[in-house]
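Counting begins at 1 with the first residue of the sequence.
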Amino acid sequence: MSTMQTGSYRRQRDHFEPQDIDPQEQRRLRGLLEQIDYAAFIANREVLAQMAPGGLDASTFQRLAVLTATARAKWVSEGLRQSESGAPSTVDQVARLTAARNAYEELAEVYEGLRRMVERGYITLR
């Protein structure tokens, strides 16, 4: 399967790319797929623009990065705090640790998702 390198990365499972059909049919199919991709681009741009009507700026990313770093620090601090006793963690301790990790991981995913939205042109930076 061939892929085209762009400013972003592309997973093989992102799109079906036929290799064994005649060139004319392949061009026709590629044109249809481009129309589908463009429709998805327009839909994303319109819907996501409502999320941030004035656009985003560097301070938006900085606030999200600080929030994510804080969540990571809380997760690590909780793990270190639990390790101080040397005793196995209780069910409640594991639940707190899991909640802290989930919070960090979700915020990290938000950051990456937001960055990808800007990279793809769905959201504009001020």
Side-chain angles (χ1 to χ4, degrees):
M1 173 182 292
S2 65
T3 58
M4 182 187 324
Q5 184 65 30
T6 61
S8 64
Y9 66 94
R10 186 165 169 191
R11 292 178 221 123
Q12 285 185 336
R13 68 178 190 272
D14 276 353
H15 301 285
F16 171 72
E17 295 185 11
Q19 298 292 327
D20 59 349
I21 57 177
D22 71 86
Q24 185 176 0
E25 177 64 17
Q26 195 172 26
R27 279 191 298 278
R28 187 190 71 74
L29 184 55
R30 191 164 312 282
L32 291 172
L33 293 173
E34 285 178 8
Q35 289 176 356
I36 291 168
D37 287 345
Y38 185 71
F41 168 79
I42 295 298
N44 275 291
R45 193 175 63 188
E46 289 176 2
V47 169
L48 294 170
Q50 295 173 16
M51 175 191 75
L56 304 174
D57 59 15
S59 68
T60 306
F61 280 89
Q62 183 177 5
R63 286 191 307 271
L64 185 55
V66 168
L67 186 62
T68 305
T70 302
R72 176 187 274 176
K74 287 180 181 179
W75 170 45
V76 171
S77 295
E78 179 64 23
L80 292 173
R81 189 181 66 71
Q82 289 182 22
S83 71
E84 288 175 356
S85 72
S89 296
T90 66
V91 172
D92 290 340
Q93 288 174 320
V94 170
R96 280 197 308 275
L97 192 59
T98 300
R101 179 180 45 82
N102 286 339
Y104 158 66
E105 288 177 350
E106 287 299 322
L107 287 165
E109 287 294 320
V110 168
Y111 180 87
E112 287 301 319
L114 188 59
R115 186 180 183 286
R116 188 170 177 168
M117 289 175 208
V118 170
E119 182 179 55
R120 289 187 168 194
Y122 301 154
I123 298 174
T124 57
L125 289 177
R126 288 182 278 159

Participant: Considering only NZ, NE, NH1 and NH2 on the basic side and carboxylate oxygens on the acidic side, decide whether E119 and R116 come within less than 4.0 Å.
Facilitator: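 No, E119 and R116 are not salt-bridged.
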Participant: Considering all heavy atoms of both residues, which atom of F61 and which atom of V118 are nearest to each other, and what is their separation?
Facilitator: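 For F61 versus V118, the nearest heavy atoms are CZ-CG2, 3.8 Å.
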Participant: Name every donor-acceptor pair, under 3.5 Å, that has one atom in a side chain of residues 39-48 and the other anywhere in the protein, sequence neighbours excluded.
Facilitator:
unit_1	atom_1	unit_2	atom_2	d
N44	ND2	A40	O	2.9

Participant: Going only through I, L, V, M, F, W and Y residues with side-chain contacts under 4.5 Å, is there a path from M117 to L107?
Facilitator: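 Same cluster: M117 reaches L107 through Ile, Leu, Val, Met, Phe, Trp or Tyr contacts under 4.5 Å.
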Participant: For side chain to side chain contact (heavy atoms under 4.5 Å, CB included), just list the numbers for S59 and R63, CA-CA rounded to whole Å, side-chain angles, deciding distance to a tenth of an Å, and then say yes or no.
Facilitator: CA-CA 6 Å; S59 68; R63 286 191 307 271; 3.4 Å; yes
Participant: Decide yes or no on side chain to side chain contact (heavy atoms under 4.5 Å, CB included) for L67 and V110, but give the supporting numbers first.
Facilitator: CA-CA 11 Å; L67 186 62; V110 168; over 6 Å; no
Participant: Test side chain to side chain contact (heavy atoms under 4.5 Å, CB included) on M51 and L114; report intermediate values, then the result.
Facilitator: CA-CA 11 Å; M51 175 191 75; L114 188 59; 4.1 Å; yes
Participant: Given 3.5 Å as the limit, does a donor-acceptor pair link the side chain of Q93 with the main chain of Q82, or not?
Facilitator: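 Not confirmed, Q93 side chain does not pair with Q82 backbone.
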Participant: Are any of the side-chain nitrogens in E25 or R28 under 4.0 Å away from the carboxylate oxygens of its partner?
Facilitator: yes
Participant: State the CD-CG distance between E34 and L29, to the nearest 0.5 angstrom.
Facilitator: 10.5 Å
Participant: Just wondering, are more than 12 heavy atoms of other shown residues or ligands nearer than 6.0 Å to CZ in R72?
Facilitator: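 At most 12 heavy atoms, drawn from other residues, nucleotides or ligands, come within 6.0 Å of this atom.
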Participant: Examine L32 and Y38 and state if one hydrophobic cluster contains both, with Ile, Leu, Val, Met, Phe, Trp and Tyr joined whenever side-chain heavy atoms are less than 4.5 Å apart.
Facilitator: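 No, it is not one cluster - the side chains of L32 and Y38 are not joined through contacts under 4.5 Å.
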Participant: What's the spacing between E105 CD and T68 OG1 if we round to 0.5 Å?
Facilitator: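 E105 atom CD to T68 atom OG1 measures 12.0 Å (nearest 0.5 Å).
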Participant: Measure the CZ-CZ distance between R120 and R115 for me, rounded to the nearest 0.5 Å.
Facilitator: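 One gets 12.0 Å once the value is rounded to the nearest 0.5 Å.
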Participant: Mind running side chain to side chain contact (heavy atoms under 4.5 Å, CB included) on K74 and E78 for me, showing each step along the way?
Facilitator: CA-CA 6 Å; K74 287 180 181 179; E78 179 64 23; over 6 Å; no
Participant: Less than 3.5 Å apart, any donor N or O on the side chain of D92 or T90 sitting next to an acceptor on the other?
Facilitator: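 The criterion, which ignores hydrogens and geometry beyond distance, is not satisfied for T90 and D92.
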Participant: Locate the shortest heavy-atom distance separating V94 from S89; write the atom from each residue and the value.
Facilitator: CG2-CB, 3.7 Å
Participant: When you look at CZ of R81, are more than 12 heavy atoms from neighbouring residues, nucleotides or ligands closer to it than 6.0 Å?
Facilitator: yes
